[in-house]
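Let me begin by presenting the structure, written as structure tokens, before commenting on it.
Positions are given from 1, in the same order as the sequence printed here.
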Amino acid sequence: MIRKLLLVWIGAALVLPLVSSNGQDKPKKTIAVDIRKLPPPSDRQGLTYAADIKPILDESCVKCHGAEKPKAKLRLDSLEGTLKGGENGKVIDSGHSASSVLVINVSHLGDPDDYMPPPNNKAKIGPLTKDQIGLIRAWIDQGAK
């Protein structure tokens with residue numbers, strides 16, 4: 001009985017992402033991410049968007065995800081925009097940095113098409129450092145305020 005339930009669950013897990021959509025006609029792509037490869041969250045406490053996270057995003061993300069023509073309708077130039085997400089949904093899972101799309105993408109894990117900033121981008125913006133990713137992770141784990 002347990003084996004049948006497990007097989008049904010695994011089958012559903014493999015099929016549902018192919019038939020559900022994210023508001024578009026194309027199916028969602030699912031990429032397995034090894035969260036053990038994520039840089040660890042910082043030990044710093046009391047992190048805020050304004051004081052700690054916005055400077056990182058301003059330097060590495062806002063050129064493409066700011067007020068003027070934000071790519072994927074994702075704005076990272078304000079707390080509200082960052083928490084709202086973009087046309088593909090939310091990028092912050094408050095309290096759970098390891099499952100946040102933003103963390104996975106800036107860590108260059110998962111689908112290479114989603115890496116942020118993209119490698120070899122026109123603006124020559126380099127990847128975030130492990131310390132920067134650790135601060136973002138800690139901020140999200142602390143509630144993303």
Side-chain angles (χ1 to χ4, degrees), residues 5-6 8-145:
L5 286 174
L6 183 60
V8 168
W9 183 82
I10 291 171
L14 293 173
V15 172
L16 283 178
L18 299 175
V19 296
S20 65
S21 71
N22 57 0
Q24 301 171 355
D25 291 335
K26 62 183 178 183
K28 280 184 176 180
K29 56 184 171 182
T30 55
I31 303 282
V33 174
D34 185 354
I35 62 172
R36 296 173 298 178
K37 293 182 179 178
L38 289 171
S42 170
D43 293 335
R44 284 187 44 197
Q45 294 296 313
L47 297 169
T48 65
Y49 176 85
D52 305 293
I53 305 307
K54 188 172 188 328
I56 297 169
L57 300 180
D58 282 348
E59 180 183 327
S60 299
C61 309
V62 169
K63 184 164 180 101
C64 296
H65 296 287
E68 290 185 32
K69 295 184 181 179
K71 290 188 177 182
K73 297 182 181 175
L74 173 62
R75 295 212 27 205
L76 299 175
D77 59 333
S78 70
L79 175 61
E80 296 77 21
T82 303
L83 295 177
K84 179 182 176 185
E87 67 185 17
N88 296 316
K90 293 188 176 210
V91 295
I92 301 286
D93 184 5
S94 185
H96 307 281
S97 67
S99 61
S100 293
V101 171
L102 178 68
V103 170
I104 292 166
N105 290 350
V106 299
S107 298
H108 288 197
L109 298 174
D111 187 344
D113 288 341
D114 295 332
Y115 289 177
M116 292 293 142
N120 305 315
N121 60 75
K122 292 177 188 175
K124 306 279 189 235
I125 300 170
L128 274 66
T129 66
K130 290 181 180 187
D131 288 341
Q132 290 172 317
I133 296 167
L135 283 173
I136 293 170
R137 287 200 63 193
W139 169 69
I140 293 170
D141 289 340
Q142 293 171 26
K145 303 208 177 205

For K145, does its backbone N or O pair with a side-chain atom of T48 as donor and acceptor, under 3.5 Å? no

Taking the side chain as every heavy atom from C-beta outward, state whether I133 and L38 have any pair of such atoms under 4.5 Å apart. no

Hey, could you give me each pair passing ring-ring contact (aromatic ring centres under 6.0 Å, His included) that has a residue in residues 78-110? Not counting sequence neighbours. H108-Y115

Shortest non-hydrogen contact from P55 toward A50: CD-O, 3.8 Å

Where S78 and T82 come nearest, the two heavy atoms and their spacing: O-OG1, 2.8 Å

Distance check, rounded to the nearest 0.5 Å: L76 atom CG versus K71 atom NZ? 12.5 Å

CG of L83: more than 12 outside heavy atoms within 6.0 angstrom? yes

Report yes if some heavy atom in the side chain of K63 is under 4.5 Å from a heavy atom in the side chain of N121; otherwise report no. no

Separation between CE (M116) and CD1 (I104), nearest 0.5 Å, reads 13.5 Å

Counting C-beta onward and ignoring hydrogens, is there a side-chain heavy-atom pair between V103 and I136 closer than 4.5 Å? yes

Kindly give the heavy-atom pair with the smallest separation between I56 and L128, and that separation in Å. CG2-CD2, 3.7 Å

Minimal heavy-atom distance between S60 and P117, with the atoms involved, is O-CG, 3.6 Å

Over 12 non-hydrogen atoms of neighbours within 6.0 angstrom of CG in D43: no

Looking only at heavy atoms, what is the nearest atom pair of P41 and A138, with distance? CB-N, 4.0 Å

Okay, side chain of R137, backbone of P39: is any donor-acceptor separation there less than 3.5 Å? yes

Between C61 and D77, is any pair of side-chain heavy atoms under 4.5 Å apart? no

Check K90 against K84 and note the closest heavy-atom contact, atom names and distance. CG-O, 3.7 Å

Check for a donor-acceptor pair, side chain of S107 on one end and backbone N or O of L109 on the other, with a separation under 3.5 Å. no

Has Q142 got a side-chain atom pairing as donor or acceptor with L47's backbone, closer than 3.5 angstrom? yes

Do N105 and V91 touch side chain to side chain, with heavy atoms closer than 4.5 Å? no

Nearest 0.5 Å, what's the CG-CG distance between D141 and D93? 9.5 Å

Return the CD1 to CD1 distance between I140 and I53, rounded to the nearest 0.5 Å. 7.5 Å

Are any non-hydrogen side-chain atoms of W139 and D52 less than 4.5 angstrom apart? no

